[in-house]
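Scroll down for the structure; my scribbles are underneath it.
Source: prediction; values computed, not measured. To find a chain, count down the sequence lines: A is the first, B the second, and so on, and within it residues start at 1.
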There are 2 protein chains.
Amino acid sequence: MPVKKKKGPPYPVETVGLDVLEDTLSFYIRSINIALSRDLDDRLEGLDVARGTGKITTLLLVDSHPGIRPSVIAQLIMRDRSAMGRLVDQMIDHDLITRRNAPDDGRAQELHITEKGADLARKVRKIATKQSSDFFAGVPEKDQKRLLDILRRVYRRTAGLDQ
Amino acid sequence: MPVKKKKGPPYPVETVGLDVLEDTLSFYIRSINIALSRDLDDRLEGLDVARGTGKITTLLLVDSHPGIRPSVIAQLIMRDRSAMGRLVDQMIDHDLITRRNAPDDGRAQELHITEKGADLARKVRKIATKQSSDFFAGVPEKDQKRLLDILRRVYRRTAGLDQ
DNA sequence: TACTTTTAGTGGACAAACGCAACTATTCTG
DNA sequence: CAGAATAGTTGCGTTTGTCCACTAAAAGTA
């Protein structure tokens with residue numbers, strides 16, 4: 001006599017094959033991106049820099065490259081200049097960076113970090129590296145390096161930074 | 001006598017160091033995700049499935065798992081049920097899938113592919129795999145596999161599919 | 001010098017997407 | 001049967017980002 005069949009969905013989540021996506025960059029990148037963003041938002045709770053869509057990169061770049069220009073950052077984070085402008089506005093409101101006109105180029109601006117921004121940058125650095133290693137838990141050191149190398153190469157190429 | 005200094009920005013894009021982000025998963029994932037999404041949108045031009053935010057995964061999953069439930073897909077693409085519902089609505093409008101009530105569970109639904117959906121799925125499979133290999137251009141076969149393995153592991157863990 | 005083109009930044013309008021919370025209906029647990 | 005959990009729907013609000021037009025300045029050209 002057959003065991004009573006349990007109801008449940010025809011394809012339980014754990015066992016669903018992902019079709020070709022199983023071997024595809026885009027799917028994992030997209031999904032992991034979602035997970036990573038949410039996780040990061042949690043970790044940044046209340047830190048003036050939540051919703052880390054570019055704010056974090058901007059903060060760290062301004063901190064480590066005093067006088068860097070908005071348009072340069074825009075290119076690195078792959079946003080257009082208007083989006084970047086708004087991002088800068090926000091961060092100025094939060095007193096994290098300052099904006100001044102470039103002395104040698106009337107079109108351009110220079111961004112500088114504030115006290116508060118620098119403090120935050122220190123915290124964010126810790127958080128970002130911690131998150132990275134948490135997500136890599138269980139992945140051998142050597143593979144981590146290898147993975148980052150590959151991602152770096154792909155990134156530089158697609159951002160148009162190479163050649 | 002010094003060479004005439006060229007003007008240009010203080011930190012040209014190509015040379016800007018990314019601070020700790022240089023060694024951080026989140027930055028690359030986020031950026032590559034942007035690049036990948038835009039590129040994919042281009043390749044899907046006019047294909048009824050543009051803005052591939054989950055549509056692609058849904059399409060392929062429904063195609064390869066007839067009767068799969070919305071909530072299962074939602075979990076795989078990390079969205080909440082309401083977002084998933086709207087996604088399904090759209091795809092039904094585009095005549096890519098159909099929705100019917102599950103015979104054995106009054107709460108649930110079953111999704112099925114349409115003719116048109118199946119056609120599209122075939123095309124999308126080609127496009128997705130092509131894109132993946134394009135982005136991997138220059139990365140040795142072996143490293144590609146390795147990378148996908150790691151991403152898969154990270155994904156499965158963060159999606160709560162393992163253990 | 002006068003022109004044209006390119007680059008940097010701003011502002012507005014618009015749209016798409018997502019999450020949350022509340023609600024219904026069904027099923028499961030005990 | 002009562003209460004908890006699950007599937008799906010709907011409305012609401014927010015965020016985010018893209019497109020486009022516009023100004024100002026600099027670079028290229030002749």
Side-chain angles (χ1 to χ4, degrees), chain A residues 4-13 30-31 33-35 37-38 41-42 49-56 58 67-93 97 99-111, chain B residues 4-13 30-31 33-35 37-38 41-42 49-58 67-94 97 99-111:
Chain A
K4 174 123 181 277
K5 209 163 73 188
K6 201 131 161 270
K7 193 142 64 174
Y11 304 95
V13 198
R30 196 173 7 242
S31 307
N33 181 48
I34 296 175
S37 304
R38 286 183 192 153
D41 283 349
D42 290 347
V49 88
R51 299 258 154 255
T53 333
K55 287 205 197 75
I56 289 142
T58 303
I68 194 171
R69 302 195 175 160
S71 54
V72 169
I73 302 182
Q75 197 172 340
L76 289 171
I77 62 177
M78 301 186 183
R79 294 226 192 330
D80 79 349
R81 292 196 310 281
S82 74
M84 188 65 221
R86 281 182 267 263
L87 214 161
V88 170
D89 290 342
Q90 278 185 48
M91 299 185 65
I92 291 178
D93 284 346
I97 61 177
R99 167 169 46 196
R100 73 177 69 139
N101 294 328
D104 61 328
D105 186 336
R107 300 165 298 183
Q109 303 173 345
E110 294 183 342
L111 301 178
Chain B
K4 174 122 181 278
K5 212 169 67 193
K6 200 128 161 277
K7 192 139 70 170
Y11 304 95
V13 197
R30 195 171 7 240
S31 306
N33 181 48
I34 295 175
S37 303
R38 287 184 192 155
D41 283 349
D42 290 346
V49 87
R51 299 255 154 256
T53 334
K55 289 205 195 73
I56 289 143
T57 310
T58 303
I68 194 172
R69 302 193 177 161
S71 54
V72 170
I73 303 183
Q75 197 173 339
L76 289 171
I77 61 178
M78 301 186 181
R79 291 220 190 341
D80 78 348
R81 293 195 311 279
S82 72
M84 188 66 220
R86 282 181 270 260
L87 214 162
V88 170
D89 290 341
Q90 278 184 48
M91 299 186 64
I92 291 177
D93 284 347
H94 287 316
I97 62 177
R99 164 169 48 196
R100 73 177 68 140
N101 294 327
D104 61 328
D105 186 336
R107 300 164 297 181
Q109 303 173 344
E110 295 183 343
L111 302 177

Please find the pair of heavy atoms, one from Leu87(B) and one from Thr58(B), that lie closest to each other, and give the distance.
CD2-OG1, 4.0 Å
Asp93(B) CG - dA16(C) P separation (whole Å):
13 Å
For the residue pair Ser37(A) and Arg30(B), what are the closest heavy atoms and their distance?
OG-NH1, 4.3 Å
Euclidean distance, atom CE of residue Met84(B) to atom P of dG19(C) [Å, nearest integer]
12 Å
What is the separation between atom CZ on Arg79(B) and atom P on dG8(D), rounded to the nearest whole Å?
16 Å
Residues Ser31(B) and Met78(A): closest non-hydrogen pair is O-SD, 3.6 Å
Interatomic spacing from CZ in Arg38(B) to CG in Asn33(B) - rounded to 0.5 Å
10.0 Å
Taking only side-chain N and O atoms of Arg38(A), does any of them lie within less than 4.0 angstrom of OP1 or OP2 on dG19(C)?
yes
Are there any protein N/O atoms within less than 3.5 Å of an N/O atom in nucleotides 1-8 of chain C, and if so, which ones and at what distance?
| from | atom 1 | to | atom 2 | distance (Å) |
| --- | --- | --- | --- | --- |
| dT7(C) | O2 | Arg107(A) | NH1 | 3.3 |

To the nearest Å, how far apart are Asn101(B) CG and dT24(C) P?
19 Å
Residue met sooner reading DNA chain C from 5', once Gly85(A) and Ala83(B) are mapped to nucleotides:
Gly85(A)
List the steps, then state whether side-chain contact (heavy atoms from CB on, under 4.5 Å) holds for Thr57(B) with Leu76(B).
CA-CA 9 Å; Thr57(B) 310; Leu76(B) 289 171; 5.5 Å; no
In whole Å, what is the span from the CD1 atom of Ile34(A) to the P atom of dT15(D)?
19 Å
Table of protein N/O atoms under 3.5 Å from nucleotides 11-13 of chain C N/O atoms:
| from | atom 1 | to | atom 2 | distance (Å) |
| --- | --- | --- | --- | --- |
| dG12(C) | O6 | Arg86(A) | NH2 | 3.0 |

Let me test you: for the helix from dT1(C)-dA30(D) to dG30(C)-dC1(D), what is the angle between the axes at its two ends (five pairs each), rounded to 10 degrees?
40°
Can you measure Arg100(B) atom CZ to dA7(D) atom P for me and round it to whole angstrom units?
19 Å
Distance, rounded to the nearest Å, where Asp41(B) contributes CG and dA17(C) contributes C1':
13 Å
Sorted by chain and number, sequence neighbours left out, side-chain contact (heavy atoms from CB on, under 4.5 Å) with Pro12(A) holds for Glu14(A), Thr15(A)
Got a sec, which residues hit side-chain hydrogen bond (donor to acceptor under 3.5 Å, both in side chains) with Arg99(A), two or more places apart in sequence or on another chain?
Asp89(A)
Heavy-atom closest pair, residues Pro103(A) and Glu110(A):
CD-OE2, 3.5 Å
When rounded to the nearest 0.5 Å, the distance separating CD1 of Ile77(A) from NZ of Lys55(A) is 10.5 Å
Evaluate Asp105(B) against Arg69(B) for side-chain contact (heavy atoms from CB on, under 4.5 Å), listing each step before the verdict.
CA-CA 11 Å; Asp105(B) 186 336; Arg69(B) 302 193 177 161; 4.1 Å; yes
Rounding to an integer number of Å, can you tell me how far Leu87(A) CG sits from dT15(D) C1'?
12 Å
Scan residues 77-87 of chain B for pairs that pass salt bridge (Lys or Arg N to Asp or Glu O under 4.0 Å), counting only residues two or more places apart or in two chains.
none
